[in-house]
Amino acid sequence: MLAETTVLSRGFYQRPTAEVARDLLGKILARRTPGGVVAVRLDEVEAYLGADDPACHTFGGRRTPRTETMWGEAGRAYVYLVYGIHHCLNVVTVGEGVPEAILIRGGRPIAGVDLIRRRRGAGVGSAALADGPGKLCQALAVTRQDDGVDLCESKGGITIRTDGLTVPEDAVQRLPRVGVDYAGEAADWPLRMRLSVRLR
DNA sequence: TCTAGGATCGGCT
DNA sequence: GCCGATCCTAGAT
């Protein structure tokens with residue numbers, strides 16, 4: 001399944017965050033688990049623009065143990081817990097000292113569907129297996145343990161890959177971000193990007 | 001130390 | 001559509 005794909009290099013992430021977010025759509029997020037490889041094609045992401053973004057954990061230059069990963073190297077995973085229950089997977093962008101990241105909001109399972117279903121529950125419809133940040137982490141068994149993992153290195157167990165598929169501009173919807181009403185006007189910034197069509 | 005609140009989800013009405 | 005679960009994080013004291 002992943003034989004004809006290539007892992008995105010660090011350079012991919014060392015660009016403006018909104019640009020990286022748009023380019024992540026249609027890419028493949030793969031995770032090696034004891035039971036086998038699990039992969040989803042990304043169809044929804046949100047950009048968080050660091051110190052100047054009131055919705056971002058690092059707004060105003062906040063640097064805490066939790067956000068330390070965001071301050072580091074681009075291409076690493078930033079994983080945190082929300083509502084005491086759900087994990088959220090982010091990808092660090094730009095570079096060291098620039099704490100920006102992209103929240104992976106959802107994807108469509110394309111490999112290891114049975115494994116995902118086993119983790120998510122047998123009764124869950126295939127479209128709903130990974131169509132939210134918390135669900136996606138559950139589907140791929142991503143937890144705080146994975147915070148800081150290098151997504152450019154296969155040995156980390158989690159990678160983002162491309163199979164050459166490109167997403168046309170008219171297939172990308174730009175929407176306000178979810179659940180950040182507290183951020184004032186920034187809540188309306190069109191940094192949530194979603195595929196409006198279903199790719200293969 | 002204490003406390004308020006959260007980048008969500010799923011069950012129930 | 002509403003609401004509770006659940007616990008970590010960050011800022012205040």
Side-chain angles (χ1 to χ4, degrees), chain A residues 13 16-22 24-25 27 29 31 38 40 42-72 74-94 98-109 116-149 151 158 160 172-195:
Chain A
Y13 305 100
T17 303
E19 213 172 286
V20 178
R22 185 247 176 269
L24 277 178
L25 294 174
K27 297 296 187 290
L29 174 63
R31 158 113 220 192
V38 171
V40 301
L42 302 181
D43 59 15
E44 189 171 340
V45 299
E46 268 178 16
Y48 284 86
L49 305 183
D52 299 323
D53 179 358
C56 188
H57 289 162
T58 55
F59 176 55
R62 264 197 314 244
R63 185 165 187 163
T64 65
R66 177 176 61 151
T67 62
E68 196 53 37
T69 304
M70 279 184 80
W71 288 88
R76 288 183 181 268
Y78 167 49
V79 183
Y80 67 92
L81 192 66
V82 259
Y83 301 109
I85 306 175
H86 302 290
H87 294 281
C88 288
L89 171 63
N90 300 248
V91 182
V92 178
T93 54
V94 189
V98 184
E100 306 193 7
I102 296 162
L103 169 66
I104 307 296
R105 288 195 59 85
R108 192 163 53 82
I116 296 176
R117 203 179 290 278
R118 213 170 301 157
R119 238 185 319 267
R120 293 269 303 123
V124 180
S126 64
L129 286 173
D131 64 345
K135 298 184 201 177
L136 182 128
C137 284
Q138 198 185 346
L140 299 194
V142 171
T143 68
R144 290 283 311 281
Q145 306 280 314
D146 300 304
D147 185 52
V149 164
L151 301 173
I158 310 175
I160 300 180
V172 179
Q173 280 182 306
R174 289 164 202 270
L175 305 160
R177 290 173 295 183
V178 174
V180 293
D181 291 345
Y182 60 85
E185 140 196 352
D188 296 325
W189 295 352
L191 293 175
R192 175 180 172 208
M193 298 177 209
R194 190 165 75 173
L195 283 183

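Numbers restart at 1 for each chain; the letters A, B, ... are given by sequence-line order, proteins then strands. If you're wondering where the values come from, they're calculated on a predicted model, not measured in any experiment.
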Quiz prompt | For dT6(C), the Watson-Crick or wobble counterpart (both distances under 3.5 Å) | solution = none
Exercise. Rounded off to whole Å, could you give me the CD1-to-C1' distance for the I85(A) and dC3(C) pair?
Key: 12 Å
Quiz item: Quick one: is R62(A) getting a side-chain N or O under 4.0 Å of the dG11(C) phosphate, OP1 or OP2?
Solution: yes
Practice problem: Using heavy atoms to find the nearest nucleotide of DNA chain C for Y83(A) and R144(A) separately, return the residue whose nucleotide is more 5′. | Solution: Y83(A)
Exercise. Compare the minimum distances between each of dA10(C), dA7(B), dC9(B) and the side chain of M70(A), then state the nucleotide with the smallest one.
Key: dA7(B)
Quiz item: OP1 or OP2 of dA10(C) sitting under 4.0 Å from any side-chain N/O of T64(A)?
Solution: yes
Quiz item: Out of dT8(B), dG11(C), dA10(C), which nucleotide sits closest to the side chain of P65(A)?
Solution: dA10(C)
Quiz item: Atom NZ in K135(A), atom CZ in R119(A): separation rounded to 0.5 Å?
Solution: 16.0 Å
Quiz prompt | Distance, rounded to the nearest Å, where D147(A) contributes CG and dC8(C) contributes C1' | solution = 13 Å
Quiz prompt | Rounded interatomic separation in angstrom, taking OH from Y80(A) and P from dG5(B) | solution = 18 Å
Self-check item: Stacking of Y48(A) on dA7(B) base (centres under 5.5 Å, planes under 30°)
Solution: yes
Self-check item: Out of dC8(C), dT8(B), dT9(C), whichever nucleotide has its closest atom nearest the side chain of L81(A)
Solution: dC8(C)
Exercise. Give R105(A) one of three labels, base, sugar-phosphate or nothing, depending on what nucleic acid heavy atoms sit under 4.0 Å from its own.
Key: sugar-phosphate
Quiz prompt | Side-chain (R177(A)) to main-chain (A187(A)) donor-acceptor, under 3.5 angstrom | solution = no
Quiz prompt | Interatomic distance, F59(A) CZ vs dA7(B) P [rounded to whole Å] | solution = 14 Å
Quiz item: Between atom OH of Y48(A) and atom CG of L191(A), what is the distance when rounded to the nearest 0.5 Å?
Solution: 8.5 Å
Exercise. Measure the shortest side-chain to side-chain distance between T69(A) and V79(A) over non-hydrogen atoms and say whether it is less than 4.5 angstrom.
Key: no
Quiz prompt | Contact nearer the 5' end of DNA chain B, comparing L89(A) with Q138(A) | solution = L89(A)
Exercise. Could you grab the distance from atom CG of N90(A) to atom CE of M70(A), nearest 0.5 Å is fine?
Key: 6.5 Å
Quiz item: Does Y78(A) put a side-chain nitrogen or oxygen below 4.0 Å from OP1 or OP2 of dA7(B)?
Solution: no
Practice problem: Look at all strands and tell whether R192(A) reaches a base, only sugar-phosphate, or nothing, counting heavy atoms closer than 4.0 Å. | Solution: nothing
Exercise. Send over the distance from K135(A) NZ to dA7(B) P, rounded to a whole Å.
Key: 18 Å
Quiz item: Between H57(A) and dA7(B), is there a side-chain N or O to OP1/OP2 distance below 4.0 Å?
Solution: yes
Quiz item: Hey, does R63(A) have a side-chain heavy atom less than 4.5 Å from the side chain of E68(A)?
Solution: yes
Practice problem: Can you tell me the distance, in whole Å, between the NE2 atom of H87(A) and the P atom of dT9(C)? | Solution: 11 Å
Quiz item: What nucleotide among dC9(B), dA7(B), dA10(C) has an atom nearest to a side-chain atom of R66(A)?
Solution: dA10(C)
Self-check item: Sugar-phosphate only, base, or nothing, as touched by R120(A) at under 4.0 Å among non-hydrogen atoms
Solution: sugar-phosphate
Quiz prompt | Residue matched to dA7(B) through Watson-Crick or wobble contacts both under 3.5 angstrom | solution = none
